[in-house]
Structures are given as C-alpha cells and as structure tokens.
Amino acid sequence: MKKIFAVVVLLACLLQITVSCSKKDGEQSTLPTPTEKPTEPQIPDQKEELALNILDDGYRNWYQIYVYGFYDSDGDGVGDINGVTQKLDYIKDMGYNGIWLMPVMPSEMYHGRDVQSFCDIADELGDTDDFDSLIKTAHTKGIDVLIDLGLNTTSTEHPYFAGAVDFILENGAVGGEYGDCYSFSTEADGNISGSDYGYETSDGLPKINLDSELWRSEITNVMRYWLEERGVDGFRLTDTVKYYFDDDKNIEFLTWFNSKAKEISPECYILGELFINDNKTVAKYYASGIDSFQLFSYADATGMLAHYLRISSGEMLGKLMEDSQTVFEKNITTTFLSGNSLSNRPATYTSSGVASIKMLAGIQMVCSGSISTFYGDEIGMVSKGGVNNDASKYIGIKWTDSLSDEGYCDVATNGAENSYIYASVQRQQNDPNSILNFYKGMLRLRNAFPSLARGKVDNIELIGNTSVCVIQKTYGDEKITVIVNLARPTDPQDVSTGAREVTLDKKVLGYSDIAAQICAYDISYEAEYNSEMDMLVMPPYSIVIMK
C-alpha cells in the first residue's frame with residue numbers, strides 16, 4: 001500500500017456531469033460559487049465526451065429487467081418482450097452492454113419462481129417470435145442477454161410435481177417416474193390433500209430434488225433449449241445458496257451445471273445469486289467455474305457501500321476494494337445495489353436525497369468487476385406506497401409525466417398505488433443534473449476506461465483525510481488514478497463545506513492531468529488540478545480520474 005498526504009480545505013468547486021479536462025497550468029480559476037450556477041445547463045455534446053473502449057469479455061454492465069413492469073408495447077397495461085426490444089436503444093444509450101431478464105416462464109406469482117414450464121414463455125409477455133426478435137436486435141447492438149433460471153422450486157402445476165402427486169394419491173406411497181423429483185415424506189410441511197404425505201418447500205413452493213437424475217437430464221434439456229434454440233447468452237441462477245443449504249454440495253451441483261452449460265455453448269455466461277455476506281465464503285464458490293457471483297456484502301441499506309457513503313469514509317472504501325482483490329483474485333464479481341428479494345431500492349435507503357442516490361451509484365461503478373442495475377433505479381424509483389418488501393419493488397417505470405401514456409405498466413402486485421418521488425425518464429433525460437444523467441456519466445467512464453472494471457488495484461493511503469479514497473488501477477498499458485470524495489457538506493446551504501484539497505504524488509502515481517470527472521451535486525461543480533503543487537481540489541460527492 002502506498003501512502004501520500006492530504007489536508008482538508010473548505011473550498012467551493014465545480015464539476016461537470018459527464019467528463020471534462022481541468023484548466024491548464026497558469027490559468028486563473030474562474031470557479032463560480034454555487035449561486036452562480038447556470039440556470040439552464042446543457043448536456044455536453046457527445047462529440048466532446050470520452051471515446052468509448054468497450055471490451056467484449058466477461059466484465060459487463062448489466063441492466064436487470066422485470067419484464068412485466070418495464071414497457072408495455074400493446075396497451076394491455078403489462079410489460080412485454082416487445083417492449084424490452086423497443087427500449088434497447090434507451091438501455092444502450094445509458095451505457096449497459098448486457099440485460100438480465102427476470103423470469104419469463106409461465107407462472108402464477110409476480111416473482112416467477114413458481115415455474116410451470118421451463119421451456120415456455122408466459123403468454124402475457126409474448127411468444128418465441130417476440131423473444132427471438134429481442135435476442136437478434138440486442139446482439140446487433142452489442143448487448144448480451146441472460147435469463148433468470150430458478151432451479152430451487154416449481155409450481156404445483158409443473159408436470160413432474162403433478163405426476164408425483166398423482167402416483168401418491170393412487171398408490172398411497174411415493175414412487176413412479178417422478179417420485180424422486182421432489183422430497184416427499186409424512187413429516188414435510190407442504191400439504192397434499194387426501195394423503196398423509198407432504199412435500200419439502202422453499203418459500204412455500206415445492207422444492208426440487210437436484211439429486212434426481214430425471215431433473216438433471218431435464219435441466220440439461222432446458223439449457224440446450226435456451227442456448228441453442230432461443231440464442232440467449234447465459235443464465236442468472238436464482239437462490240444458489242438454497243440448493244442444498246450446504247456449501248460443498250452447492251459447489252458440486254454448480255460445477256456440474258457449469259460443465260453442462262459450456263458443453264452446449266462454450267461462451268455461455270453464468271451469474272450466480274448467493275445470499276452470503278461473507279466474501280471469503282463467496283470466493284469458494286468460484287471453484288465451480290461459474291463466471292460471476294453477486295456480492296451481497298456490498299448491497300442494500302446494510303451493505304458496505306451504503307455504510308461507507310453514510311459515514312463518508314473514503315479510507316474504508318479504498319481498503320474494501322484492495323481487500324476484495326485479495327479475496328477474489330482474478331474472479332469477476334458483480335456489484336449491485338438492489339433487485340434482489342432481500343434488498344430495497346437505493347432511493348428508499350439513502351439519507352441525503354438525490355446527491356446520495358447518485359453517489360452510491362458512483363462508488364458502485366468504480367468497483368472492480370461487473371455491475372448490475374435494477375430497472376428504474378436510474379431514475380430513483382421507490383417501492384409502492386413506500387413499503388419496503390419484495391412485491392412492492394416491482395412497479396412500472398414512469399416513462400413520461402403522464403401515467404396514461406403509451407408504455408406505462410400498471411403492475412399491481414400488492415394493491416398499493418405506485419409511488420414516484422423523482423421525475424419521469426423523459427424529464428430526467430433533459431435535466432443534466434438528474435439521477436439518470438449521472439448514471440449515464442458513470443457508465444461512460446466504465447466504458448471509456450477498461451481498467452475501472454478490470455484493473456489491478458493499489459490503494460493509496462491518505463493521512464489526514466479519511467473522507468477521500470485514492471486508488472490506482474492498472475490494466476494492460478492503461479494506468480489510472482481514481483479519486484473519490486465521500487465528504488458531504490457540513491452546512492446544507494454551503495456546498496463548499498464538503499470540498500476537499502488532496503495532495504498527490506505524480507511521481508508515484510504516474511498521471512499527467514485530469515482525464516475525467518463527475519459530481520453528484522451539480523454539473524457546474526468542477527475539480528481543479530494544480531500540477532506545480534500536485535494539488536487536486538475536489539467538490540463534495542465527486543469522482544476524478546487522473547491519467
């Protein structure tokens with residue numbers, strides 16, 4: 001770990017929302033105070049932005065889509081596959097190069113884990129022609145497509161379960177072709193009416209017996225169907241920790257799954273969901289060959305990213321990124337903020353309004369590995385009626401100011417009315433200071449600097465400035481220094497009280513100037529770098545890249 005010194009200075013600074021160069025040496029600073037902000041700031045011309053350098057590898061910016069609540073293409077109030085296709089340009093324009101579709105298979109429940117058939121598409125979402133069109137269009141735009149595959153449970157209407165129950169009712173015992181597909185016993189909690197037998201459940205649904213040879217054969221057929229016939233790029237596996245509730249057995253099954261999937265399609269990408277907060281335990285699961293696992297330790301209100309933002313500890317953020325590199329080595333992790341049944345939307349748990357919503361996304365996107373965003377988080381969507389439970393998160397995106405406009409999805413999973421604190425997509429697209437445009441700015445940095453996701457991390461310890469994180473990332477010939485200021489104004493009326501002055505060491509870090517910068521408070525707050533003094537002055541809640 002390298003060390004440099006930093007001191008705190010309370011200054012007013014300005015920073016652009018996308019990317020920009022600092023003033024040249026010798027120029028007098030013309031940084032306006034917050035009261036001198038432009039009243040109608042303009043989004044910078046795309047030609048002035050950093051050139052993209054998007055690599056086609058296992059590091060991805062994933063956009064997680066609940067299809068029912070995304071975009072309604074046919075006016076029935078329910079989102080559908082064609083609606084996703086229509087919005088691929090929106091997704092690409094934000095900077096995502098992968099989408100992950102939450103369950104699209106026939107089911108009766110909002111979350112889709114009560115699968116009735118693994119090789120079909122829910123009627124209300126569309127048909128195989130619609131799905132094939134989505135895959136084809138996404139691939140032409142450089143967007144990979146994963147589908148959610150839940151291998152823990154099925155519906156009671158699944159043919160395997162129905163067949164097993166029929167045998168029990170007819171014979172008074174467990175057996176037949178489907179007898180070992182689930183776990184039946186006289187002590188199991190799932191009730192079979194008319195029988196002394198019950199079945200083991202997970203979240204109230206019939207739990208699959210993954211040791212069943214018939215199920216393993218069926219799972220292989222399911223993978224072949226989606227990879228070969230439908231052309232998906234891979235799978236996001238749901239609830240992998242619940243397969244056996246035993247790490248070794250889970251890893252054994254995942255090793256089998258990964259091997260089969262890549263026999264069918266060597267490029268198949270697999271993202272796993274582990275309800276595990278201990279990173280060392282998560283790291284063990286990479287022995288299975290699975291490409292990436294989501295980091296629950298980083299997510300939700302209790303996760304490390306939100307915690308470090310809340311206490312303004314850049315020092316701890318830097319140590320986290322360096323420690324994670326040690327734990328996970330070269331494995332690809334996936335950082336997320338919400339989208340899981342146990343995690344709330346960021347807009348419901350950040351403490352300082354729009355600026356903190358933005359900055360939480362900012363520190364997520366400077367983390368190594370892949371990132372994923374839950375649909376609507378980019379505009380600050382919250383849960384229905386302010387209720388923080390799983391069902392309440394799945395609301396329709398507010399595309400325009402009018403909820404009667406084309407595309408709006410009237411999803412009502414819990415009966416509460418949809419709640420929208422922040423503006424529509426349409427309005428935020430035209431507001432340079434919006435949450436949406438901050439997301440776009442951060443994603444552009446990830447797409448311009450490959451080392452942000454892939455680089456070797458060196459944490460630079462600052463003595464005397466715990467709110468600032470300085471890390472160096474090196475990938476191939478690219479070496480960048482990322483400086484993150486997590487200080488927020490001590491006086492809400494005076495943003496300058498969150499500014500920080502950082503003394504750097506060009507000889508150690510090897511940069512020449514500011515290559516890019518972004519601020520969560522306002523696009524008119526811009527960092528300044530004095531090369532003679534090797535001094536960087538940063539606004540509160542800002543990120544600077546030196547190169």
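Numbering starts at 1 and runs along the sequence shown.
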Identify the heavy atoms of [X] and [Y] that sit nearest to each other, and give their distance.
{"X": "Y71", "Y": "Q86", "value": "CE2-OE1, 3.4 Å"}
{"X": "A306", "Y": "D300", "value": "CB-O, 3.6 Å"}
{"X": "N61", "Y": "N97", "value": "N-OD1, 2.9 Å"}
{"X": "R488", "Y": "R310", "value": "NH1-O, 3.0 Å"}
{"X": "I121", "Y": "G126", "value": "CG2-O, 3.7 Å"}

Taking [X] for its side chain and [Y] for its backbone only, find out whether a donor-acceptor pair lies under 3.5 Å.
{"X": "R500", "Y": "S467", "answer": "no"}
{"X": "D130", "Y": "D127", "answer": "yes"}
{"X": "N331", "Y": "F328", "answer": "yes"}
{"X": "Q364", "Y": "S372", "answer": "yes"}

- prompt: So, are D513 and K547 salt-bridged, with charged N and O less than 4.0 Å apart?
  reply: no
Pair D458 + K456, salt bridge at N-O below 4.0 Å: yes
field: Aromatic ring proximity F296/F275, centre distance under 6.0 Å
entry: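 Judged by ring-centre distance (under 6.0 Å), F296 and F275 do meet the cut-off.
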task: Please check if the distance between the ring centroids of W226 and F131 is under 6.0 Å.
output: yes
Look at the aromatic rings of [X] and [Y] and report parallel, tilted or perpendicular, splitting at 30° and 60°.
{"X": "Y269", "Y": "W62", "value": "tilted"}
{"X": "Y110", "Y": "Y394", "value": "tilted"}
{"X": "Y375", "Y": "Y66", "value": "tilted"}

query: Have E478 and S451 got a donor and an acceptor in their side chains that come within less than 3.5 Å?
result: yes
query: Without hydrogens or angle criteria, can the side chains of T400 and S402 be said to hold a donor-acceptor pair below 3.5 Å?
result: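 On atom types as modelled, these side chains do not qualify, holding no pair under 3.5 Å.
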Residues forming a side chain to side chain contact (heavy atoms under 4.5 Å, CB included) with P103, sequence neighbours excluded: D148
query: Hey, mind stepping through H139 and D233 against side-chain hydrogen bond (donor to acceptor under 3.5 Å, both in side chains) and telling me if it holds?
result: CA-CA 10 Å; H139 288 170; D233 298 289; 2.7 Å; yes
- request: Taking atom CD of E406 as the centre, report whether more than 12 heavy atoms of other residues, nucleotides or ligands fall under 6.0 Å from it.
  value: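 At most 12 heavy atoms, drawn from other residues, nucleotides or ligands, come within 6.0 Å of this atom.
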Non-neighbouring partners of D72 that pass salt bridge (charged side-chain N to carboxylate O under 4.0 Å, His left out), sequence neighbours left out: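 None.
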field: Heavy-atom side-chain proximity of V425 to Y90 below 4.5 angstrom
entry: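 When only atoms from C-beta onward are counted, Y90 and V425 do touch, with a gap below 4.5 Å.
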